[in-house]
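Remarks on the structure that follows.
From a predicted model like this one, the values you see are computed outputs, not experimental measurements. So that the names make sense, note that chain A is the first sequence line, chain B the second, and so on, each numbered from 1. Computed from heavy atoms alone, side chains included, the values below leave out hydrogens, waters and symmetry copies.
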Amino acid sequence: MNKYRTHNCNELRKEDLDKNISLSGWINKKRDHGNLLFIDLRDNYGITQCIIDKENKNFLKLEKVQLETVVKFEGKVVNRSNDTINKDIDTGEVEVAINTFEILGTCKELPIPVFSDQEYAEEIRLRYRFLDLRRKKIHENIILRSKVISYIRNEMMKLGFLEFQTPILTSSSPEGARDFLVPSRLNPGKFYALPQAPQQFKQLIMVSGFDKYFQIAPCFRDEDARADRSPGEFYQLDLEMSFVEQEDVFDVVEKLLVNTFKEFSNKKLMYNQFPKISYADAMLKYGSDKPDLRNPLIINDITEIFTRDDVSFEIFKKLVKSGSKVRCISTTNTKDKPRSFFDNIDKWAKEQGASGLAYFTFEEKGDLFAKGPIGKFFSKEALVEIMKKTNSKVGDSIFMACGKQRDLEKITAQARDKIGKDLGLIDDNIFAFCWIIDYPMFERNEETNKVEFSHNPFSMPQGNLSDKDFENPLDILAFQYDIVCNGIELSSGAIRNHIPELMYKLFSIAGYDKKQVDEKFSGMINALSYGAPPHGGIAPGIDRIVMLLANEKNIREVTMFPMNQNAQDLMMNAPSEVTEEQLKELNLAYKTKK
RNA sequence: GGGGGUGUAGCUCAGUUGGUUAGAGCGAUCGCCUGUCACGCGAUAGGUCGAGGGUUCGAGUCCCUUCACUCCCGCCA
């Protein structure tokens with residue numbers, strides 16, 4: 001028999017009445033009636049009410065024991081009278097009459113209570129993460145994460161994928177995020193990098209003939225944190241398949257995600273087959289390549305309106321003449337919204353650094369007219385044209401902004417979210433997935449004016465490219481795709497370029513000559529020239545999937561031991577200083593910043 | 001690197017126009033209480049008001065600087 005327990009704290013039922021049992025766990029809560037003491041004993045599995053009274057010689061000692069002390073109780077399972085049954089816990093029909101107890105682990109005064117629904121400052125939660133993790137909600141989130149990962153792993157194996165580990169110490173790559181570097185003791189002056197993703201390795205696995213690979217892969221990027229982005233490390237379901245086209249990858253991932261989300265959430269899926277939206281369409285209609293499709297609002301381009309003679313909104317007309325565009329959002333039946341609704345949105349837009357959002361409402365009093373501060377600048381005919389372009393009717397309102405394309409996309413995308421939320425148009429009980437496809441291969445860096453890879457340099461360009469196509473590299477599309485859910489980017493992937501000559505060509509457009517490519521990507525480019533299968537894959541973010549399933553807005557709520565915004569682990573005290581000897585051994589010296 | 005928010009007891013927070021000794025709930029300690037499940041009742045302890053400087057007869061409150069945490073922008077192929 002186990003020394004500590006015969007049952008866990010969620011096991012005892014009516015059938016166990018009169019049994020002599022032992023339980024071990026944490027003292028979750030005490031209710032001390034002076035001569036009668038109730039103790040809720042908690043472990044990973046649940047809670048059992050235990051009871052002792054003054055007749056027992058241990059009563060006075062137990063009365064003094066602190067919350068969160070780890071104890072072992074020996075006692076008898078006894079019945080609860082009908083009026084004292086607790087339906088909120090699984091063991092609520094019985095309780096344990098304590099005979100003896102033993103303290104297994106003492107507990108000092110708590111810096112944060114474990115038994116409480118209160119919110120606490122993150123700093124203290126992270127410092128005492130082991131206490132925080134005892135609390136119900138986050139404890140369940142972490143268990144959910146474990147179950148989701150097991151489920152995914154199981155599904156992947158059923159689909160014929162093999163799981164492989166790839167190196168954590170690898171080489172720095174010139175593209176992408178900032179690397180975490182690790183000095184090499186045996187190779188002075190040289191550094192490993194932690195992988196931003198096992199990108200090259202998974203392609204090499206395909207070249208090695210393994211056909212279908214997956215891994216719950218740690219990825220390391222030294223970039224600043226956000227609510228949905230941990231600093232340091234995160235996990236991806238990294239997968240890659242040989243002899244596939246884009247649609248084959250879509251099939252696998254779509255089924256996997258639909259099954260996973262149906263298994264672990266009661267929320268409805270808006271689409272069982274994810275709609276496919278081209279990058280260009282997404283940028284126009286949603287101003288973003290991660291649109292929240294729960295939000296029905298759509299952005300329209302009405303630049304043309306401002307070239308008409310019967311429109312006299314001179315500020316916009318002038319800007320349009322010098323190359324700016326005008327885009328708008330139409331809201332349904334908002335004519336009765338108070339003035340403050342419109343002004344708040346305009347004010348909000350100014351706070352976002354835009355020049356504001358102009359607005360008016362289509363109204364009819366015998367004749368069609370636009371109500372609002374700028375309504376008078378539009379003729380009836382112009383209004384009809386706007387209604388046509390935006391699919392609006394009388395009673396609807398138009399919010400518009402004017403600017404350079406990129407700024408305009410940004411502010412209208414934010415405005416779409418803001419107005420959608422303000423109008424209550426977003427159903428929180430829905431998951432709306434979509435694919436974003438047809439990403440451009442290259443984009444122009446606005447600062448340097450250089451052509452750069454817009455996403456992954458290893459992606460396969462679309463079409464049979466002739467030399468002529470390379471004269472306009474910005475027009476080349478890639479077999480590159482993202483999955484988005486409720487406005488959160490869940491993953492990105494691509495069909496890879498497995499043809500070395502084509503790879504050199506594309507890299508040359510981004511300003512890398514053959515020698516540089518050979519140096520930087522030696523492992524890959526070399527491998528591709530020894531018989532590489534066509535292949536492609538994707539890498540859904542595990543943390544964000546669990547975040548959506550757990551209905552959390554912050555990734556730290558589904559991460560066991562996260563770092564804070566400054567990439568510090570407050571519990572383990574990382575990063576920390578190292579000794580002179582350690583630095584010397586690594587041939588390192590550092591300069592103080594000043 | 002930049003912008004916003006927050007910082008008062010171990011924890012969560014209140015603190016009016018600048019005005020006497022800075023409060024509450026939970027937790028801790030002590031006492032009372034035999035059916036609670038957020039048990040109840042009474043008492044006690046617990047504070048460099050994030051830090052530094054300034055204005056003022058007087059600063060938790062106003063001003064400046066700075067630190068920490070957080071959200072956002074940049075960044076994140």
Please confirm whether any donor atom in the side chain of [X] sits under 3.5 Å from an acceptor in the base of [N], or the reverse.
X      : N      : answer
A/R221 : B/rC76 : no
A/D83  : B/rG35 : no
A/R125 : B/rC69 : no

Counting just side-chain N and O atoms, does [X] come under 4.0 Å of either OP1 or OP2 of [N]?
X      : N      : result
A/N566 : B/rA68 : no
A/R31  : B/rC39 : yes
A/Q66  : B/rU29 : yes
A/Q196 : B/rC76 : no
A/K64  : B/rG31 : yes
A/N35  : B/rG35 : no
A/K29  : B/rG27 : yes

Under 4.0 Å, counting only non-hydrogen atoms across every strand here, what does [X] touch: a base, just sugar-phosphate, or nothing?
X      : result
A/F453 : sugar-phosphate
A/I124 : sugar-phosphate
A/Q480 : nothing
A/D88  : nothing
A/P111 : sugar-phosphate
A/E119 : sugar-phosphate
A/E123 : sugar-phosphate
A/Q568 : sugar-phosphate
A/D117 : nothing
A/K87  : nothing
A/L110 : sugar-phosphate
A/S459 : nothing
A/N554 : sugar-phosphate
A/R556 : sugar-phosphate

Please state how far atom [atom1] in [X] lies from atom [atom2] in [N], giving the value in whole angstrom units.
X      : N      : atom1 : atom2 : answer
A/K30  : B/rC26 : NZ    : C1'   : 15 Å
A/E95  : B/rU34 : CD    : P     : 16 Å
A/N28  : B/rC26 : CG    : P     : 18 Å
A/I51  : B/rC39 : CD1   : P     : 14 Å
A/D32  : B/rC33 : CG    : C1'   : 9 Å
A/W348 : B/rC71 : CH2   : P     : 20 Å
A/I89  : B/rU36 : CD1   : P     : 14 Å
A/Q414 : B/rC73 : CD    : C1'   : 9 Å

With both distances kept under 3.5 Å, what pairs with [N], Watson-Crick or G-U wobble?
N      : answer
B/rG42 : B/rC30
B/rC69 : B/rG5
B/rU21 : none

request  = Please figure out whether A/N564 or A/E443 has its closest RNA chain B nucleotide nearer the 5' end.
outcome  = A/N564
note = Closest to the 5' end of RNA chain B, once A/D40 and A/Y120 are matched to their nearest nucleotides, is A/Y120
So, are [X] and [Y] salt-bridged, with charged N and O less than 4.0 Å apart?
X      : Y      : value
A/E122 : A/R129 : no
A/E95  : A/R80  : yes
A/D518 : A/K514 : yes
A/K505 : A/E501 : no
A/E552 : A/K137 : yes

ask   = Using a distance-only test with no angle check, is there a side-chain donor-acceptor pair under 3.5 angstrom linking A/Q196 and A/D179?
value = yes
request  = Verify the distance criterion only: is there a donor paired with an acceptor across the side chains of A/D132 and A/Y120 at less than 3.5 Å?
outcome  = no
Please measure how far the [atom1] atom in [N] lies from the corresponding atom in [M], and state the result in whole Å.
N      : M      : atom1 : result
B/rC72 : B/rC57 : C1'   : 44 Å
B/rG19 : B/rC75 : C1'   : 50 Å
B/rC11 : B/rA28 : P     : 15 Å

ask   = So among A/D43, A/T48, A/N44, A/D90, which one has a side-chain hydrogen bond (donor to acceptor under 3.5 Å, both in side chains) with A/N10?
value = A/D90
Given [options], identify the nucleotide with an atom nearest to the side chain of [X].
X      : options                : answer
A/A227 : B/rU70, B/rC75, B/rC72 : B/rC72
A/Q565 : B/rU36, B/rC71, B/rC11 : B/rC71
A/E109 : B/rC37, B/rG10, B/rG74 : B/rG10
A/F115 : B/rC11, B/rU36, B/rA38 : B/rA38
A/E55  : B/rU34, B/rG35, B/rG1  : B/rU34

request  = Check whether the aromatic ring of A/H33 stacks on the base of B/rC39, taking stacking as ring centres less than 5.5 Å apart and planes within 30° of each other.
outcome  = yes
Neighbour count >12 (heavy atoms, 6.0 Å) for atom OH, A/Y128 = no
